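Because the structure is predicted, anything quoted here is derived from the model rather than measured. Along the sequence shown, residues carry numbers from 1. Worth knowing before you read on, the calculation uses all heavy atoms, side chains too, and leaves out hydrogens, waters and symmetry mates.
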Amino acid sequence: MASPVPSQESELIQSLKHWLLSTNQQHRDQSDPNHDPTPKHSEHSEKHSWWQVMCLTGVDYFSTLGYQPGIAALAAGALSPIATLILLLLTLFGALPIYRKVAAISPHGEGSIAMLETLLSWWQGKLLVLCLLGFVATDFIITITLSAADATAHIVENPLVPEFFRGQAVPITLILVALLGAVFLKGFREAIGLAVFLVAGYLFLNLIVVFVGLREVVTHPEVIANWQKALFAQHQSPFMLLGIAILVFPKLALGLSGFETGVAVMPLVKGYQEDTEELPKGRVKNTYKLLTSAAWIMSFFLLTSSVVTTMLIPMAEFEAGGKANGRALAFLAHKFFGDIFGTVYDLSTISILWFAGASAMAGLLNIVPRYLPRYGMAPNWTLAVRPLVLVYTAIAFIVTLIFQANVEAQGGAYATGVLVLMTSAAFAVTLASYKQKKRFEVWVFGLITLIFVYTTIANIIERPEGIKIAGIFIASIVITSLGSRVWRSTELRADRVVMDDLALSFIEVAPHQTVRIIAHRPNRGDEQEYSKKEQDTRLEHHLPPEDPLIFLEIQVSDPSEFAGSIYIEGHQVGSYQILRSRGAAVPNTIAAILLEIRELTKKLPHAYFGWAEGNPIQYLMRFILFGEGDIAVVTREVLRTAEKDPKNRPGIHVGG
C-alpha cells in the first residue's frame, strides 16, 4: 500500500504556497484589464489630519533622536553643536523647500523617484530608477537594522536588565527584526493612532530631558567653559572652527531622514472638501504644514540634544562600550531622574525605534510593486506581501550579522542612502523648475543640489562602507531585475486590447472566412507598397486571391516599458485594410492582437511573416533591448506561453 506521506507533504506545500500568495495580502491580479501595478492608497480610504500623519512619518524621523546625538558627538566631538546648527540650516532652507516642491508636483505619493522616471525616458530612466531603488533599499533596510540595534542598546544598557543580556546585542537585535517580520506576515495595517501615541510620548519625554539638561548647562557655567576650552584647544580662530564644522557636518546627515517618507504618505492627508484627485490643493497645503512642522520640531530637538549631550556627557562614554554609546539622551534620563524614569524613557525609545522599523518595512513593501513588476523586472510573486517580508527580513538578518548590531558602524550606510535620495530629489526639482522656465527656482534649487552633492560625496569619502553597502544593493537589484526581464520577456505583456470601429469592421468577416494577417513593416505606405507585399505573401504561402488579407503594423513606443494597454486603429489605403498599433515589443503586441481577434471572431486567425536573416544572438538582444528581433519566432513563443492548448493557438506562418 502506498504511503500517504507524499500526498500530505504536497498538501502542506500547497497550503504554504496559498498562505504566502493569499489574495488578501496581494495586489490585484494582473489579469484584471484595469490592473495598475502601482500601489496607491485607496481614494476612498480614511484620511487623517496632517499632524496625525506627521506622527506616522515621525516614527522614522523623530526616532533618530535615539542615536543621532551620540553619533554626532563621536563624529564631530566638541564641534557637534556647531555642525548640528549647519545641518539645521540645510534642513530648513534646503531639504524643506525641495520636498515642498516635490509634494506640489507629485501629490499622490509618488515622490522624487517617480519625478525622475518621467523626466528621463527609455532605458536610461529605468536604469536610473534601479540605481535609486538600491539606495532606497539601503536607506530602509539600514533603518530596520540600525533602529533594532539601537533599541537593543537601550535594552542591554538599562540598569534593571540582568547582566546576562549585556553581551547579547546581536541575538536580541535579530529577535527584534524577526518580531517585526512576524507582524507583517500576520498582516500589518497603518496604525495612525499608535503612531500618534508613540511620537507624542517620546517627544514629551525628550522635552523633559532636554529642558533639564539645558537648565544644568545654564546653572553650571563651568560646563560651558569646559566646552569652550575643548572647542578652542586646537583652533583659536572662529572662522577656522566654522570651516571645520562645515567639513564634518556631513557625518551628521542621519538627522535629515524622514522627508521622503513625508511625501510618500501624502494620500493619507486630509485636504479640502473641494479637492479633486487631479487637483488636491488642500492635501498639498496640509502636507506643507506636515513637512514644515516636522522639520522645525526635529531641528529644535537636534540642536538642543546636541548641546546638552556634548556638554554634559564625558567623551569616553560615547565610545564603544560606553554607557552613552547609541543612547546619549537615555544616559542623561537615567542620570537626571533615576532608573525608574530612565526605564520609562528606554521603553518609549525602544517602542518608537521598533515602530520606525515597521515604517521602513512598509516603505519597502511599496517599492517593489510600484516599479519592478511594471518594468517586468520582478516575478509575479513579488506582488504578494508575505514573500517580500521574508526576503527583506532575511536581508536584515544578514546586515545585522555583518555589522554585529553596531549602531555607529551602520550610520555611514544609512546616511549614504538618505543623502543620495535627497540629492536626487533636489536634482529632480531643479529639472522640473528648468522645464517650467522658472529661472530663480533653477538657481536656488541648483545651489541646494550642489550642497547636497558635496554632503553626499563628503560622507562617502569619510565613510565608504555606506556606498559599498549601497553598491551591493544596486548590483543585486540591477542583476536580478534584468534577469527577470529576460525571463519574462515572452509573457503576453498586455493589460487589454482596444480597437476602434474601423478596425473592428475589418475583422468582422463572414463566419466561413478566416482572418488572415500580414505582419508588415511600412516604408512609403502607399498603395503600390501594399500591393507588392500582398502579391509576395500570397505567392510564398499559396494563398488564393479570394481570401481577404489584413495588414498589421506595429510601431515600437518605449521598449523599456514592459506592459500596457494596446490600442488599434483601422486605416484604409486604396482597397487595402490596415491595422496600426503601438507597443513596447512587436512580437508580444502581435500575439495579444491575434488572441483578441480569436476572442472576437471565435475562430483562429492566421498571421504571415517573412524569415529574418542575420545572427540570432543579435536578434535576441534587439528583442530584449528594442522590442523587435526575430518577430515570427518570438510571436509564436509568446502565443505558446499564453495559450497552453496548441489547438487554440492562432496560426503562425513564415515564408520567403
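- I105 approaches A432 most closely through the heavy-atom pair CD1-CB, 3.6 Å.
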Determine whether V497 and L595 satisfy the following criterion, side chain to side chain contact (heavy atoms under 4.5 Å, CB included), listing intermediate values before the conclusion. CA-CA 10 Å; V497 179; L595 291 174; over 6 Å; no

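- In this structure, the separation between CZ on R524 and CD on E527 is 11.5 Å, given to the nearest 0.5 Å.
- Screening residues 572-600 for salt bridge (Lys or Arg N to Asp or Glu O under 4.0 Å) gives E553-R580, R598-E643 as the qualifying pairs, with residues at least two apart or on separate chains.
- Within the structure, ring pair (Phe, Tyr, Trp, His ring centres under 6.0 Å) pairs that include any residue of residues 628-651 do not occur (at least two apart or interchain).
- For H571, there are no ring-ring contact (aromatic ring centres under 6.0 Å, His included) partners, not counting sequence neighbours.
- L504 places a side-chain heavy atom less than 4.5 Å from the side chain of L600.
- The structure places NZ of K281 at 10.0 Å from OH of Y272, a figure rounded to the nearest 0.5 Å.
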Side chain to side chain contact (heavy atoms under 4.5 Å, CB included) evaluation trace for V586 with V556: CA-CA 7 Å; V586 174; V556 177; 3.6 Å; yes

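- Annotation: ring-ring contact (aromatic ring centres under 6.0 Å, His included) contacts of F551 (sequence neighbours excluded): H520, Y530.
- In plain terms, the two heavy atoms of L549 and L543 that are nearest each other are CD2-CD1, 3.9 Å.
- Of all heavy-atom pairs between V284 and A104, the closest is CG1-CA, 4.0 Å.
- Not a single donor-acceptor pair under 3.5 Å links the side chain of T393 to the backbone N or O of L390.
- In this structure, the separation between CG on L579 and CG on D500 is 8.5 Å, given to the nearest 0.5 Å.
- Residues forming a side chain to side chain donor-acceptor pair (under 3.5 Å) with S581 (at least two apart in sequence, or on another chain): none.
- Heavy-atom neighbours of Y434 OH from other residues, nucleotides or ligands within 6.0 Å: at or below the threshold of 12.
- The two atoms that bring G570 and F506 nearest to each other are CA-CE1, 3.9 Å, heavy atoms only.
- Take R516 and apply the salt bridge (charged side-chain N to carboxylate O under 4.0 Å, His left out) test, not counting sequence neighbours, and it matches D547.
- At least one side-chain heavy atom of F609 sits less than 4.5 Å from a side-chain heavy atom of I590.
- Here the side chains of F473 and I395 are in contact, with some heavy-atom distance below 4.5 Å.
- The NE2 atom of H542 sits 13.5 Å away from the CZ atom of R538 when rounded to the nearest 0.5 Å.
- Residue Q555 holds its CD atom at 11.5 Å from OG1 of T589, rounded to the nearest 0.5 Å.
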Going by atom type alone, with no hydrogens or angles, which donor-acceptor pairs under 3.5 Å involve a side-chain atom of residues 129-137 and a protein atom two or more places apart or on another chain?
none

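- Residues passing the side chain to side chain donor-acceptor pair (under 3.5 Å) test with K533, sequence neighbours excluded: none.
- Within the 4.5 Å cutoff, side-chain heavy atoms of P646 are placed close to those of R649.
- Distance alone, capped at 3.5 Å, places no donor-acceptor pair between the T145 side chain and the A396 backbone.
- Proximity of I517 to I597: side-chain heavy atoms (C-beta onward) are separated by under 4.5 Å at one or more points.
- Listed by chain and number, the residues in a side chain to side chain donor-acceptor pair (under 3.5 Å) with Q577 amount to none (sequence neighbours excluded).
- Taking the side chain as every heavy atom from C-beta outward, S565 and V498 never approach each other to under 4.5 Å.
- In terms of modelled atom types and a separation under 3.5 Å, the side chain of S433 and the main chain of K438 share no donor-acceptor contact.
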Checking side chain to side chain contact (heavy atoms under 4.5 Å, CB included) for the pair V638/L492: CA distance, chi angles, key distance, verdict? CA-CA 6 Å; V638 174; L492 200 58; 3.9 Å; yes

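- Applying the ring-ring contact (aromatic ring centres under 6.0 Å, His included) criterion to Y608, with sequence neighbours excluded, gives H541, H653.
- Residues L604 and T514 are not in side-chain contact: their nearest non-hydrogen atoms beyond the backbone lie 4.5 Å or more apart.
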Side chain to side chain contact (heavy atoms under 4.5 Å, CB included) between I554 and I593: does it pass, once the steps are laid out? CA-CA 10 Å; I554 307 298; I593 292 173; 3.9 Å; yes

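- Every residue meeting the side chain to side chain contact (heavy atoms under 4.5 Å, CB included) condition with N523, not counting sequence neighbours, appears here in chain and number order: E529.
- Put simply, the side chain of S505 gets close to the backbone of L502: a donor and an acceptor are under 3.5 Å apart.
- For T416, the side chain to side chain donor-acceptor pair (under 3.5 Å) partners two or more places apart in sequence, or in a different chain, are N459.
- Nearest approach of V654 to A632, heavy atoms of both residues: CG2-CB, 3.5 Å.
- What you find for P587 and V634 is that their closest heavy atoms are CB-CG1, 3.6 Å.
- Considering CD1 of I141 and OH of Y392, their distance stands at 7.5 Å, rounded to 0.5 Å.
- Under the 3.5 Å distance criterion, the side-chain polar atoms of S106 are left unmatched by any main-chain donor or acceptor of A103.
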